[in-house]
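This report concerns only the one structure given below.
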Amino acid sequence: GTWGIHPEGLRPWRGYAVHVTKETNLRIHPRVLRAAGKQVPVVASRENWRVPLTVTVGGVSDAANAFGMSAVASDGWDDEDDVEPLPIGQYVRAFFVPNPDSVSLVAQMSSDIRPTADGAVWLLRTESNIESGMATLELPIERVPTDISLELFDLESGIRQNMREQ
């Protein structure tokens with residue numbers, strides 16, 4: 001299955017995972033609630049932008065990922081970020097980590113939104129239990145403000161790719 005955010009609400013007889021950072025009592029009220037979800041500007045501005053990305057291997061995808069900047073975000077974990085769920089079955093996972101040596105599941109984020117700044121580096125890690133196939137990365141580059149350069153640097157191969165020159 002695919003993980004995702006469900007602002008439309010919970011549906012009966014479906015499985016859901018809830019991430020909490022401290023001891024919590026979870027109450028689900030059986031009335032219809034409308035959630036606004038995260039507001040994402042359609043036209044990217046330098047202060048607020050969010051780019052979804054999808055990683056695919058052998059026809060299996062992880063599409064619940066995003067990176068960007070927001071005037072209300074902070075360094076480290078905050079309400080603008082989302083936790084990376086654990087894999088189920090045949091999987092591809094893409095997640096952001098705070099540093100290359102991070103192994104903690106708590107540090108894995110499917111969305112990493114940083115405070116507005118002149119520059120930032122996002123560390124994206126991918127994992128899969130699919131034995132063969134090349135990983136492909138898809139993202140709508142038009143969602144990144146045009147005055148921001150975007151490069152993909154593969155730490156294992158050393159290959160650097162300007163994402164605007166594909």
Side-chain angles (χ1 to χ4, degrees), residues 1-10 16-21 33-57 60-87 91-128 134-166:
T2 300
W3 293 96
I5 299 170
H6 299 280
E8 72 278 2
L10 303 178
Y16 294 92
V18 178
H19 176 258
V20 295
T21 57
L33 297 175
R34 295 281 178 219
K38 293 182 178 169
Q39 299 299 313
V40 178
V42 175
V43 177
S45 72
R46 191 150 196 14
E47 293 77 34
N48 295 294
W49 55 276
R50 184 181 183 101
V51 178
L53 66 87
T54 301
V55 175
T56 303
V57 176
V60 177
S61 298
D62 180 358
N65 306 290
F67 68 100
M69 292 187 173
S70 170
V72 297
S74 62
D75 283 323
W77 184 264
D78 62 29
D79 288 342
E80 296 294 304
D81 302 319
D82 295 308
V83 69
E84 173 69 13
L86 295 174
Y91 70 88
V92 173
R93 296 178 71 216
F95 53 90
F96 298 95
V97 293
N99 65 64
D101 300 321
S102 295
V103 293
S104 169
L105 292 175
V106 177
Q108 298 175 358
M109 297 176 282
S110 61
S111 294
D112 187 5
I113 309 302
R114 306 283 180 84
T116 303
D118 288 333
V121 174
W122 285 268
L123 296 171
L124 179 69
R125 184 174 289 164
T126 59
E127 295 177 353
S128 178
M134 180 172 286
T136 60
L137 174 68
E138 298 174 57
L139 60 98
I141 195 74
E142 67 276 3
R143 297 283 297 268
V144 179
T146 56
D147 63 332
I148 294 177
S149 65
L150 187 62
E151 290 188 338
L152 178 65
F153 182 68
D154 186 325
L155 295 175
E156 288 187 24
S157 70
I159 297 172
R160 183 182 302 263
Q161 171 70 47
N162 182 330
M163 298 300 286
R164 293 194 189 276
E165 295 176 357
Q166 291 192 31

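Note: hydrogens, waters and symmetry copies are ignored here, and every other heavy atom, side chains too, is used.
Both tests pass for Arg160 against the ring of Phe153: distance under 6.0 Å to the centre and angle within 45° of the axis.
Between the side chain of Ser110 and the main chain of Val83, a donor-acceptor pair closer than 3.5 Å is present. With hydrogens and angles ignored, the 3.5 Å screen pairs a side-chain donor or acceptor of Asn48 with a backbone N or O of Ala71. Here the side chain of Arg164 pairs a donor or acceptor atom with the backbone of Ile148 at under 3.5 angstrom.
Rounding to the nearest 0.5 Å gives a distance of 7.5 Å between OG of Ser74 and CG of Asp81. In this structure, Glu80 CD and Met69 CE are separated by 13.0 Å, a value rounded to the nearest 0.5 Å. Taken to the nearest 0.5 Å, the CD atom of Gln108 stands 8.0 Å off from the CG atom of Leu86.
With contacts defined as side-chain heavy-atom distances shorter than 4.5 Å, the pair Asp62/Tyr91 does not qualify. With a 4.5 Å cut-off on side-chain heavy atoms, Asn65 and Leu124 do not count as touching. Taking 4.5 Å as the limit, every side-chain heavy atom of Met163 sits out of range of all side-chain heavy atoms of Val144. Side chains of Val51 and Pro140 form a contact here, defined as non-hydrogen atoms less than 4.5 Å apart. By the 4.5 Å heavy-atom criterion applied to side chains, Leu139 and Leu150 are counted as neighbours. Contact annotation: the side chain of Ser149 never approaches that of Asn162 to less than 4.5 Å [non-hydrogen atoms, C-beta and beyond].
Residue pairs meeting the side chain to side chain donor-acceptor pair (under 3.5 Å) criterion with at least one member in residues 114-124, sequence neighbours excluded, are Asp112-Arg114.
When all heavy atoms of Pro115 and Ala73 are compared, the closest pair comes out as CB-O, 3.5 Å.
Ring orientation note: the planes of Phe96 and Phe67 are tilted relative to one another, at an angle of 30° to 60°.
Under the rule for a side chain to side chain contact (heavy atoms under 4.5 Å, CB included), the partners of Ser157 that lie at least two apart in sequence or sit in another chain are Asp154, Ile159.
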